[in-house]
Structures are given as C-alpha cells and as structure tokens.
Amino acid sequence: MANNELTVAVLGPGGVGGLLAALLSRAGHRVICLAGAETADTLRTNGIQVHSARYGDFTVPVEADTELREPVDACLITVKATTLDAALTRVPAKTLGDGLLVPFLNGVEHPAHLRARYRPTQVAPAIIRVESTRTAPGVIEHGSPFAEIDLTGDPVPRERLDTLAAALHAAGPATQVLPDETAALWAKMTFLAPLALLTTRYALPLGDVRTRHREELTALLEETAAVSRSYGGPSDAAGALARYDTFPPQTKSSMQRDAEAGRPLELDAIGGALLRAAERQGIAVPVTARLVRELGTPSPN
C-alpha cells in the first residue's frame with residue numbers, strides 16, 4: 001500500500017460494508033464489492049447510494065464481482081459471523097496475495113479462525129461504531145451522527161495499519177490504530193454482549209432494558225467485565241452502565257434487529273464466545289449462561 005490510492009475489496013456490501021465502500025470510492029480509491037450475482041449486477045449498474053446526515057446524500061460507482069479475482073491492498077469483511085465461512089469462499093487466499101484482511105465482526109474468536117485460513121500477518125481486526133442499514137441492494141441509510149473505527153492487529157506491521165487507517169480516516173470515519181488487539185476486541189465485547197443479549201431476550205429497546213431490567217443489566221456488565229479483565233481487557237462495569245444511560249432510549253442492538261427480521265442470530269459469536277472465554281478462566285457467569293440458554297431455546301409453536 002505504497003500509493004495514496006488503494007484497491008479495496010468489500011466482502012458483504014450491506015449496511016456497514018456498503019457505507020465504507022461508498023466513502024472509499026468517493027475519496028478516490030478503487031473499490032471492488034464481493035457479493036452474490038444479483039447484488040453484484042445491481043452494484044455494477046447503479047453503484048452505491050448513500051443517505052447520510054453526516055456525509056450527505058451521494059451516489060458513487062463501484063466494481064462488483066462474486067469472487068475476488070486479483071490481489072488487493074485490503075479486503076474488508078463486513079458480513080455477519082453466521083455467514084462468515086460461506087462468504088470466505090469469495091476470497092481465495094492465493095488470490096488475496098499480500099492484502100490485509102480486515103474483519104469488522106462481532107465477538108473475539110474470529111481473528112484466530114481467520115489466521116488458520118490466511119497468513120496471520122494479514123489479519124487486522126477492526127471495530128466500528130456506527131448505525132448504518134442496507135434498505136435495498138446498493139442503497140445505504142447511515143443513521144448515526146458518527147462513524148468511528150478502531151484498527152488493530154498484533155502480528156500486522158504497524159506501517160500497513162497506519163496506511164489503511166489514514167485512508168479510512170480521510171474518507172470519513174474517524175479511525176485510529178490501537179496497539180493491543182486483545183484489549184480492543186474485549187472493549188467491544190464488554191459493551192456489545194450485555195446490550196445484544198438483553199435487548200434480544202426481552203425484545204425491548206435499550207431504554208426499557210435499563211429501567212425494567214437494570215439489576216440484570218448490572219449483573220451482566222459485571223460478569224462481562226470480570227471475563228474481560230482476565231484477558232487484559234477493560235473492566236469498568238460502572239462506566240459501561242453510565243455510557244448505556246447516555247444512549248437514546250429507542251436504541252436497539254443488531255442482534256435484536258436480526259431477531260425481529262427472522263434472521264439467524266450471532267448468539268454463538270457473542271454469547272457463546274463469552275461463555276467459552278469464561279470457562280477457560282474458571283469464571284462463573286450465571287446470568288450470561290441463562291440468557292444464552294434462553295435465547296438458544298426455540299419458542300413453542
């Protein structure tokens with residue numbers, strides 16, 4: 001990635017991937033979206049339309065294909081954990097070459113999974129804070145007044161992270177490189193898991209969860225913080241609760257939205273991963289275990 005103009009593939013041009021693809025294309029980078037045949041055809045024909053109070057309304061052209069057919073500087077992975085393995089068939093390791101693989105995925109287990117399939121020095125996990133939805137193929141509604149990215153990757157050469165971060169930052173999202181991959185991933189997990197599990201379990205927005213189920217939310221935050229602490233991550237349960245209290249009451253988690261739409265839940269990538277991490281450290285997490293069990297039990301007909 002020596003030049004200012006990068007070639008970036010985006011695997012899964014949905015709400016997050018479509019927004020990043022459009023912003024990078026508008027900034028002058030070459031963007032190749034990887035998706036199913038119908039979506040790829042739509043993107044080649046119509047480009048990507050973005051509606052955003054933060055970045056404006058605009059349409060940009062992108063390339064699109066069903067599979068990566070040439071090396072790229074970076075491939076952003078913006079699919080759900082539930083479809084990761086199937087989606088990765090679109091990115092052959094040999095074709096990717098030396099390009100960075102940048103997963104914007106929930107949970108803490110996916111970097112090891114990807115490093116078993118690609119070279120460890122290529123995998124650069126990222127965390128994004130944004131609310132962005134695909135309303136139709138190639139049509140993106142960016143609803144939050146912000147988009148923030150943390151880029152990390154312990155085995156990845158720092159200059160490669162810095163180059164990609166600079167490109168993302170210049171394109172729009174506030175982007176920083178964090179030096180501790182484990183801490184960065186657990187920082188997201190400690191905030192995401194309680195929100196995802198409770199809003200989905202009770203089918204309520206955050207405002208109702210933090211009032212009607214505050215004791216349970218507090219207990220879940222304390223469990224998650226204890227596990228995070230054991231891995232060197234952040235452990236401020238009180239601070240996380242205070243942050244939840246600043247969010248709009250209608251806030252919903254992505255897992256809750258998936259449940260409402262009848263889509264598969266990232267229950268294993270979030271709740272399951274938290275349980276496995278706790279078990280390895282010998283930490284009791286009874287509230288987490290109960291919620292994962294209840295969410296994983298099919299409702300009676």
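Taking hydrophobic clusters as Ile, Leu, Val, Met, Phe, Trp and Tyr residues chained together by side-chain heavy-atom distances below 4.5 Å, Val108 shares a cluster with Leu265. Taking hydrophobic clusters as Ile, Leu, Val, Met, Phe, Trp and Tyr residues chained together by side-chain heavy-atom distances below 4.5 Å, Phe247 shares a cluster with Leu221.
Nearest heavy atom pair, residue Val156 against residue Pro120, reads CG2-O, 4.5 Å. The two residues Ile140 and Gly14 have their closest heavy-atom pair at CD1-O, 3.2 Å. Residues Pro205 and Gln256 come closest through the heavy atom pair N-NE2, 3.9 Å. The heavy-atom pair separating Trp186 from Ser228 by the smallest distance is CB-OG, 3.5 Å. Heavy-atom minimum distance, Ser25 versus Pro61: OG-O, 2.8 Å. Heavy atoms only, all atoms of each residue included: Val50 and Ala22 are closest at CG2-CB, 3.4 Å.
Between the side chain of Thr133 and the backbone N or O of Thr135 there is no donor-acceptor pair closer than 3.5 Å. The main-chain N or O of Leu197 is never found under 3.5 Å from a side-chain atom of Thr200 such that the two would form a donor-acceptor pair. In this structure a side-chain-to-backbone donor-acceptor pair under 3.5 Å is missing from Glu5 to His29. Side chain of Thr39 to main chain of Ala35: no donor-acceptor pair is present (N/O by atom type, distance under 3.5 Å, no hydrogens or angles). Panel note: side chain Tyr231, backbone Ala277; a donor-acceptor pair is recorded below 3.5 Å. Formation of a donor-acceptor pair under 3.5 Å by the Tyr55 side chain with backbone atoms of Ala171 is not found in this model. With hydrogens and angles ignored, the 3.5 Å screen pairs no side-chain donor or acceptor of Gln49 with any backbone N or O of Phe58. The main-chain N or O of Gly97 is found under 3.5 Å from a side-chain atom of Gln122 such that the two form a donor-acceptor pair. Of the possible donor and acceptor atoms, none in the side chain of Thr95 sits under 3.5 Å from a partner among the backbone N and O of Val91.
For the atom pair Thr163 OG1 and Leu168 CG, the distance stands at 11.0 Å (nearest 0.5 Å). Atoms OG1 and CE, on Thr224 and Met189 in that order, are 8.0 Å from each other to the nearest 0.5 Å. The CG atom of Leu100 sits 6.5 Å away from the CG atom of Leu161 when rounded to the nearest 0.5 Å. A distance of 14.0 Å separates CG of Leu114 from CZ of Arg119, quoted to the nearest 0.5 Å. To the nearest 0.5 Å, atom CD1 of residue Ile127 and atom OG1 of residue Thr152 are 6.5 Å apart. If you take OG on Ser254 and CD on Glu131, they are separated by 10.5 Å, rounding to the nearest 0.5 Å.
Within a 6.0 Å radius of CD in Glu279, other residues, nucleotides and ligands contribute 12 heavy atoms or fewer. Around the CD atom of Gln250, the shell of radius 6.0 Å holds more than 12 heavy atoms that belong to other residues, nucleotides or ligands.
With no hydrogens or angles considered, a side-chain donor-acceptor pair links His113 and Asp85 at under 3.5 Å. Using modelled atom types and a 3.5 Å distance limit, the side chains of His142 and Ser52 yield a donor-acceptor pair. Defined by atom type and a distance below 3.5 Å, a donor-acceptor pair is present between the side-chain atoms of Thr199 and Ser253.
We find that Arg214 and Asp208 are not joined by a salt bridge, their nearest charged nitrogen and carboxylate oxygen being 4.0 Å or further apart. Between Lys188 and Asp150 there is no salt bridge, since no side-chain N of the basic residue sits under 4.0 Å from a carboxylate O of the acidic one. Between Arg30 and Glu63 a salt bridge is recorded (basic side-chain N to carboxylate O distance below 4.0 Å). Contact check on Asp65 versus Arg90 returns no salt bridge, with no Lys/Arg side-chain nitrogen under 4.0 Å from an Asp/Glu carboxylate oxygen. Of the charged side-chain nitrogens involved, none lies within less than 4.0 Å of a carboxylate oxygen, so that Glu215 and Arg210 do not count as a salt-bridged pair. The pair Glu222-Arg229 does not count as a salt bridge, with every side-chain nitrogen at least 4.0 angstrom from each carboxylate oxygen. Using a 4.0 Å cut-off between a side-chain N of Lys or Arg and a carboxylate O of Asp or Glu, Arg115 and Glu181 qualify as a salt bridge. Here Lys252 does not pair with Asp258 in a salt bridge; the nearest charged N to carboxylate O distance is not below 4.0 Å. Under a 4.0 Å N-O distance rule, the pair Arg134/Glu141 does not qualify as a salt bridge.
Side-chain contact check for Leu88 versus Ile77: some heavy-atom pair is nearer than 4.5 Å. At a threshold of 4.5 Å between non-hydrogen side-chain atoms, the residues Phe104 and Leu20 count as touching. Between Leu195 and Leu206 there is a side-chain heavy-atom pair separated by less than 4.5 Å. Between Leu101 and Leu96 there is a side-chain heavy-atom pair separated by less than 4.5 Å. Looking at heavy atoms from C-beta onward, Thr78 lies out of side-chain contact with Pro103 at the 4.5 angstrom threshold. Side-chain atoms of Val16 and Val130, non-hydrogen and from C-beta on, do get closer than 4.5 Å to each other. Contact annotation: the side chain of Val292 approaches that of Leu275 to within less than 4.5 Å [non-hydrogen atoms, C-beta and beyond]. Using a 4.5 Å cut-off on side-chain heavy atoms (C-beta onward), Leu34 and Thr66 make no contact.
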Taking it one step at a time, do Arg160 and Asp73 satisfy salt bridge (Lys or Arg N to Asp or Glu O under 4.0 Å)?
CA-CA 9 Å; Arg160 301 200 72 191; Asp73 294 305; 5.9 Å; no
